[in-house]
Amino acid sequence: MENELKRLRLLTRRMTCKDLDGLTFPELLSLKSHLQTALLIVKDQTKKIEQLLKEDDGWMLIRRKDAEDGMGREVSVPCKFSTSSTGERQGDEAPAPPLSQLQLQFERRNAEPMMIEYGRLWLLKERMNGRQLDGMNNAELALLQAKIVHGLQELHEHMYAPTMEKIAKKRRYLLREVPGRS
């Protein structure tokens, strides 16, 4: 199980273009083609959902009815001056500093059992491959699409970084040779 988790971690890091070191140029081209295909599948699924929402008049009626009833979600956030559920006032001690996003991810993954992490990584891999998209809403599909587009941008930068460095070096060299410039 642990080896499978390591393999899935590496695979998802490569598919999100966070760990491309060691890949050959043909492998990078293959990954680019794969991500472009997955992006087309996600865009197609998004169009299907948008079409279904346009055709579904009942959904719009339910949404309007909920808005008219004033129904919404409510979140209760404790205030340091409020009383707790037992009726005692909360202490005046300073709140703990907020954790950074990186710290939160680290804490969450440390507390996550291996089977849950395996399931999460497997689902991400499947979705990055354009599969297991049924049941996703527009927002989830938009996030997946953004992740794939970001991965393609990272891949493009990684593939063409040597060329860009060469161009920048040539420009610096040419600027030094221009008379009247220091």
Query raised in the report: Mind checking whether L10 and Y118 sit in one hydrophobic cluster, side chains of I, L, V, M, F, W, Y counted as touching below 4.5 Å?
Result: no
Query - Contact summary for G130 and A38, nearest pair of heavy atoms - result: N-CB, 4.1 Å
Query raised in the report: Considering only heavy atoms from C-beta outward, does the side chain of E165 approach that of K169 to under 4.5 Å?
Result: no
Report task. Take K147 and L143 through the side-chain contact (heavy atoms from CB on, under 4.5 Å) test and state the conclusion after the steps. Result -> CA-CA 6 Å; K147 189 175 281 200; L143 286 173; over 6 Å; no
Report task. May I have the step-by-step check of side-chain contact (heavy atoms from CB on, under 4.5 Å) for N137 and I49, ending in yes or no? Result -> CA-CA 8 Å; N137 61 29; I49 288 178; 5.9 Å; no
Query raised in the report: What is the distance from atom NE2 of H34 to atom CG of N129, rounded to the nearest 0.5 Å?
Result: 3.5 Å
Query raised in the report: Heavy-atom distance under 4.5 Å between the side chains of K125 and L121, does that happen here?
Result: no
Requested in this report: Supply the atom-to-atom distance L52 CG to N138 CG, rounded to the nearest 0.5 angstrom.
Outcome: 10.0 Å
Query raised in the report: Heavy-atom count around L174 CG within 6.0 Å, excluding the residue itself: above 12?
Result: yes
Query raised in the report: Roughly how far, to the nearest 0.5 Å, is the OG1 atom of T12 from the CZ atom of R7?
Result: 10.0 Å
Query raised in the report: Sub-3.5 Å donor-acceptor pair from the side chain of R127 to the main-chain atoms of L144, do we have one?
Result: no
Query raised in the report: In Å and rounded to the nearest 0.5 Å, what is the CZ to OG1 distance from R13 to T16?
Result: 6.5 Å
Query raised in the report: Counting only heavy atoms not in Y173, do more than 12 fall under 6.0 Å of its OH?
Result: no
Report summary line: Here the pair of heavy atoms bringing M159 nearest to L29 is CE-CD2, 3.3 Å
Report task. Decide side-chain contact (heavy atoms from CB on, under 4.5 Å) for Q145 and K43; before the verdict, give the C-alpha distance in whole Å, the side-chain angles of both, and the deciding distance to 0.1 Å. Result -> CA-CA 7 Å; Q145 184 174 343; K43 285 181 178 181; 3.3 Å; yes
Query raised in the report: Honestly curious: do L28 and V149 fall in one hydrophobic cluster under the side-chain, below-4.5 Å linking rule?
Result: yes
Query raised in the report: Would a hydrophobic clustering, with Ile, Leu, Val, Met, Phe, Trp and Tyr connected at side-chain separations under 4.5 Å, put L40 with M136?
Result: no
Report task. Report the distance from atom CD1 of I148 to atom CG of L155, rounding to the nearest 0.5 Å. Result -> 12.5 Å
Query - Smallest separation among heavy atoms of R14 and D19, with atom names - result: CG-O, 3.1 Å
Report task. Determine yes or no for a side-chain-to-main-chain donor-acceptor pair under 3.5 angstrom, with T46 supplying the side chain and V42 the backbone. Result -> yes
Query raised in the report: Does the side chain of T24 come under 3.5 Å of the side chain of E27 through a donor N or O and an acceptor N or O?
Result: yes
Requested in this report: Specify the closest pair of heavy atoms between C17 and G151, including all atoms of both residues, with the distance to one decimal.
Outcome: SG-O, 3.0 Å
Query - Contact summary for L35 and M128, nearest pair of heavy atoms - result: CD2-CE, 4.1 Å
Query - Neighbour count above 12 (heavy atom, 6.0 Å) for Q101 CD - result: no
**Report entry** Closest non-hydrogen atom pair, L31 against M15
**Finding:** CD1-CA, 4.3 Å
Query raised in the report: For the atom pair OG (S30) and CG (L23), what is the distance rounded to the nearest 0.5 Å?
Result: 9.5 Å
Query raised in the report: Is any side-chain heavy atom of Q36 closer than 4.5 Å to a side-chain heavy atom of K32?
Result: yes
Query raised in the report: Are H150 and Q153 close enough, and set up right, to give a side-chain contact (heavy atoms from CB on, under 4.5 Å), and what steps lead you there?
Result: CA-CA 5 Å; H150 180 71; Q153 290 170 340; 4.1 Å; yes
